[in-house]
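Structure record follows, encoded as structure tokens.
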Amino acid sequence: MKSAVVVFPASNCDRDAAVALEAITGTKPHMVWHGDSELPEVDLIVLPGGFSYGDYLRCGAMAGQSHIMRAVKEKAEAGVRVLGICNGFQVLTETHMLPGVLMRNAGLKFVCRPQALEVVESQSDFTRNYEAGQRVVFPVAHGEGNYFADDETLDRLEGEGRVVFKYAKGENPNGSARDIAGILNEKRNVLGLMPHPERVCDPLLGGTDGKALFEGLLETLA
Amino acid sequence: MTAITPELVREHGLNEAEYAKVLELLGREPSIVELGIFSVMWSEHCSYKSTRLHLKKLPTSAPWVIQGPGENAGVIDVGDDDACIFKMESHNHPSFIEPFQGAATGVGGIMRDVFTMGARPVASLNALRFGEPDNAKTKHLVSGVVAGIGSYGNCMGVPTVGGETNFHKSYNGNILVNAMCVGLAKKDKIFYSAAKGIGNPVVYVGSKTGRDGIHGATMASAEFNEDSEEKRPTVQVGDPFTEKLLLEACLELMNTDAIIAIQDMGAAGLTSSSAEMADKGGSGIEIDLDMVPQRETNLTAYEMMLSESQERMLMVLKPGREGEAEAIFKKWELDFAIIGVTTDTGRMVVKHKGEIVADMPVTALSDAAPIYNRPYVLRSPAEGQPEFDAAKPAMDSLIKLLGTPDLCSKRWIWEQYDYTVMGDSVQQPGGDSAVVRIHGTQKGLALTTDVTPRYCYADPREGAKQAVAEAYRNISAVGGTPLALTDCLNFSNPEKPEAMGEIVAGIEGMGEACRALDFPIVSGNCSLYNETQGTGILPTPALGGVGLLKDISKMATVAFKRDGDAIVLFGE
Amino acid sequence: MKARVFVTLKNGVLDPQGKAIGHALNNLGFESVGEVRQGKLIEVELSETDEDKARAELKDMCEKLLANTVIEKYEIELKA
Amino acid sequence: MKARVFVTLKNGVLDPQGKAIGHALNNLGFESVGEVRQGKLIEVELSETDEDKARAELKDMCEKLLANTVIEKYEIELKA
Ligand SMILES: Nc1ncnc2c1ncn2[C@@H]1O[C@H](COP(=O)(O)OP(=O)(O)O)[C@@H](O)[C@H]1O
């Protein structure tokens with residue numbers, strides 16, 4: 001499986017994503033600069049976490065306007081898998097590749113903690129190695145992860161099985177609508193999620209619950 | 001020409017004897033720019049004039065120390081090709097005035113100190129002291145400071161892995177915000193600040209210069225300020241986004257061999273960086289302020305030399321390498337300007353609009369700076385009764401203790417910091433020391449900050465010793481070998497013999513404990529004059545300790561592991 | 001009564017957000033854009049009906065909470 | 001030409017920040033304060049001198065970058 005990690009100015013989980021990808025797929029991902037307008041031939045594009053453009057104005061807004069995002073959009077339309085983690089998820093909503101927006105956490109504070117999640121949907125390339133209903137723990141680390149969309153959109157997302165991860169009941173860290181932690185696009189090849197699966201791929205870091213996500217992709221795309 | 005009146009001199013913080021020395025060193029009256037330069041370089045903050053004599057009593061070397069105090073940060077050998085670079089610094093006053101920005105720029109400043117030496121920052125810690133919880137201001141200060149530290153550190157993508165937080169009424173009007181940064185570099189890729197060589201280009205990179213944080217004299221400021229309707233703010237706004245770009249650009253350039261010397265522009269920005277670099281290189285320096293990237297119009301030479309705008313660096317490059325360096329900074333969308341040249345004159349010469357506005361011997365700002373042996377009295381340990389009553393049931397005392405703000409859980413604080421970014425935080429907040437894996441190896445750094453101000457108040461010497469011992473224990477407790485310390489010596493007014501006595505006893509006590517434990521101090525800073533309305537803070541010599549775990553699989557944690565395990569208490 | 005309070009950074013204080021927005025607008029092809037500054041807009045509903053009193057109260061709110069006058073300035077706009 | 005752009009949350013979108021400010025104001029004793037909403041104020045300097053063109057351009061900036069119209073609305077104010 002060939003992959004690429006997009007680096008925006010002030011991305012800061014680009015290395016974390018690359019380390020996890022290399023450990024699991026055995027291949028070093030391409031690191032792609034935001035100012036480039038072309039992407040290499042890959043099976044997976046990762047938009048990593050961080051504070052692209054300082055999170056100024058709105059998280060992900062300026063990164064959404066970068067050259068490379070036009071190319072990412074085209075690739076996504078052509079079916080390439082795209083994974084947006086944390087700031088990457090924010091970029092995906094800002095470019096309307098995923099519906100809704102991520103607003104300031106309801107508690108108004110940045111929150112970093114191990115977070116229990118429920119895998120709602122295992123019918124996707126990203127979650128095929130999990131079971132529906134499975135409880136996993138990924139860290140969250142964000143100030144703006146409060147997912148918002150109108151009821152109609154939320155109903156549709158749930159009805160179409162596109163809500164992939166939810167925060168465990170009663171443990172919503174940010175006020176997110178319907179406890180949503182991660183969603184798919186209509187074609188099911190683009191996933192955005194706030195928690196960090198790449199930070200739980202090494203037992204020394206407090207768990208390996210994130211590995212199955214990358215292993216699932218590897219099995220699909222190898 | 002601005003007339004240099006006695007009043008102006010006083011407003012620049014120079015006393016009569018000091019000003020007489022300025023006249024002698026220059027052989028003439030200073031220009032206003034020169035007066036400003038002397039004022040900052042001879043300030044307590046830059047010159048350590050009250051503490052320099054005593055700081056010499058600290059042990060600073062060991063076989064594993066690569067660089068002790070005197071550079072931007074200390075450097076120790078952590079095995080193989082790896083070097084660990086670290087320092088702690090205070091940002092007390094700005095954080096009291098504007099807690100969010102004050103604390104944020106404190107984090108930014110200490111990170112620059114570390115990456116200017118070629119290290120990638122891998123961990124941050126913070127030692128915080130606030131007033132009483134029910135003081136009207138405390139809540140606002142705590143939430144602002146914590147949010148500020150988080151906002152800067154999180155954006156930089158450096159995990160904030162530990163710290164300590166105390167509350168005491170002596171900090172009601174003078175909180176302490178001490179930030180520590182730890183970085184890693186390869187041993188043969190460490191960068192220093194000595195501006196060696198003649199005719200080498202002096203280069204400015206980072207953000208533009210504005211009228212940020214120009215302390216100086218009120219009168220001089222008024223005179224040089226265009227818009228006098230707004231009082232010039234003395235607190236800077238941090239721009240972590242630009243700093244993150246600056247970090248990446250500097251590390252990219254450091255991968256080449258184009259840099260001769262580099263230093264961050266901290267307090268008194270251009271002045272201290274250029275003077276210190278020239279001093280260390282034993283050279284002279286000439287800079288042309290017209291070349292300095294400017295954020296505002298009509299900046300005067302005085303303002304530019306004293307500006308504390310953040311996110312800037314000064315470098316000396318090898319001649320001919322300017323283009324290569326410029327390309328890197330342009331790629332990261334940062335300013336890059338050649339503003340001067342190194343010389344063999346031993347003088348610092350500053351030009352503005354075709355005129356020489358300052359011309360002075362570099363050594364006048366360093367070696368010739370005043371040193372004081374201030375009078376001090378060593379007081380005997382404070383008398384007092386412990387607050388708890390031994391006759392009461394132990395459980396009552398325990399419950400009372402657990403409810404105190406100093407001992408309660410600090411989760412509310414560290415959950416606002418990203419402590420997992422970079423994927424190497426193998427021991428997260430909540431334990432005795434944080435442990436950060438050295439990326440790509442089985443080694444780990446054990447990191448802790450310690451001091452108990454109550455003890456230092458009771459007995460400055462024993463309290464300081466205890467702080468060193470506690471750092472040593474916290475590192476040992478996770479399985480690390482303690483290697484070295486950085487310090488942040490927060491004290492009150494050195495001009496009061498009682499307070500000066502606390503400083504002397506504190507430094508001597510630290511030194512004694514460090515020698516006994518072979519635990520040298522490799523970097524640090526002093527923050528004096530921490531008092532409000534004549535009342536000083538508790539003596540607070542904060543320490544940041546670094547230790548090494550050769551094999552993180554052997555790391556110990558505080559959690560009980562299994563039912564039935566024996567619990568052993570050892571020590572006295 | 002409704003009020004709008006504008007809280008902006010004082011002249012000369014670095015505005016990283018404004019700077020970044022300006023940059024982004026230029027990059028998007030809006031070449032006529034010069035300096036950009038970002039501030040806060042706070043809309044307040046007040047039960048107070050006397051304009052002078054409301055204004056005095058809002059000023060007090062700004063000094064006490066809405067602005068940090070070390071780095072920020074504020075402006076008050078009242079709508080009946 | 002100078003412009004002010006006000007970006008605020010659409011009605012119906014929850015504004016926890018505004019709520020927190022309102023709360024804090026009440027606690028400080030400002031009892032006449034009712035609902036508080038927080039938005040952004042963006043001040044833009046434009047070299048464009050034609051008012052209609054400037055307005056059109058600003059609208060474009062809002063749609064493309066300054067506001068996220070899923071949850072935000074905007075208002076443009078021009079000063080010559
Ligand atoms: N300001 C802070 N920032 C980050 N972590 C903190 C801070 N204050 C306390 N902590 C963390 O909380 C835990 C408990 O701190 P403390 O009460 O000082 O511990 P101890 O008394 O065991 O040294 C430690 O892991 C420490 O690193």
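Ranked by heavy-atom pairs under 4.5 Å with chain A, the first of B/D239, B/I552, B/V158 is B/D239. Of all the listed residues (B/G423, B/C155, B/G150), the one sharing the greatest number of non-hydrogen pairs under 4.5 Å with chain A is B/C155. The most heavy-atom pairs under 4.5 Å with chain A, out of B/Q427, B/K331, B/Q416, come from B/Q416. Contact count against chain A (heavy-atom pairs under 4.5 Å) is highest for B/R437 among B/R437, B/E248, B/E333, B/M156. Counting heavy-atom pairs closer than 4.5 Å to chain B, the top residue among A/L204, A/V111, A/N87, A/D14 is A/L204.
Using a 4.0 Å cut-off between charged side-chain N and carboxylate O, B/K208 and B/E311 make no salt bridge. Between A/R15 and B/D424 there is a salt bridge, since at least one side-chain N of the basic residue sits less than 4.0 Å from a carboxylate O of the acidic one. One finds a salt bridge joining B/E243 and B/R112 here, because a Lys/Arg side-chain nitrogen approaches an Asp/Glu carboxylate oxygen to under 4.0 Å.
Under the 3.5 Å distance criterion, the side-chain polar atoms of A/N12 are matched with a main-chain donor or acceptor of B/N154. With hydrogens and angles disregarded, a donor-acceptor distance shorter than 3.5 Å links the side chain of A/N146 to the backbone of A/R104.
Heavy atoms closer than 4.5 Å to chain A are found in the backbone of B/S425, but not in its side chain. For chain A, no part of B/M555 is nearby; none of its heavy atoms comes within less than 4.5 Å. Both the backbone and the side chain of A/R113 come within contact range of chain B, judged by heavy atoms closer than 4.5 Å. In this structure, chain B has a heavy atom under 4.5 Å from the side chain of A/D202, while its backbone stays farther away. Both the backbone and the side chain of A/P9 come within contact range of chain B, judged by heavy atoms closer than 4.5 Å. Proximity to chain B (any heavy atom under 4.5 Å) is restricted, for A/Y56, to the side chain, taken from C-beta onward.
The only option from B/L247, B/L245, B/L246, B/L253 that meets the side-chain contact (heavy atoms from CB on, under 4.5 Å) definition with B/W332 turns out to be B/L245.
Ring geometry for B/F336 versus B/F329: interplanar angle of 30 to 60°, hence tilted.
Between B/F241 and A/F51, the distance separating the two ring centers is not shorter than 6.0 angstrom.
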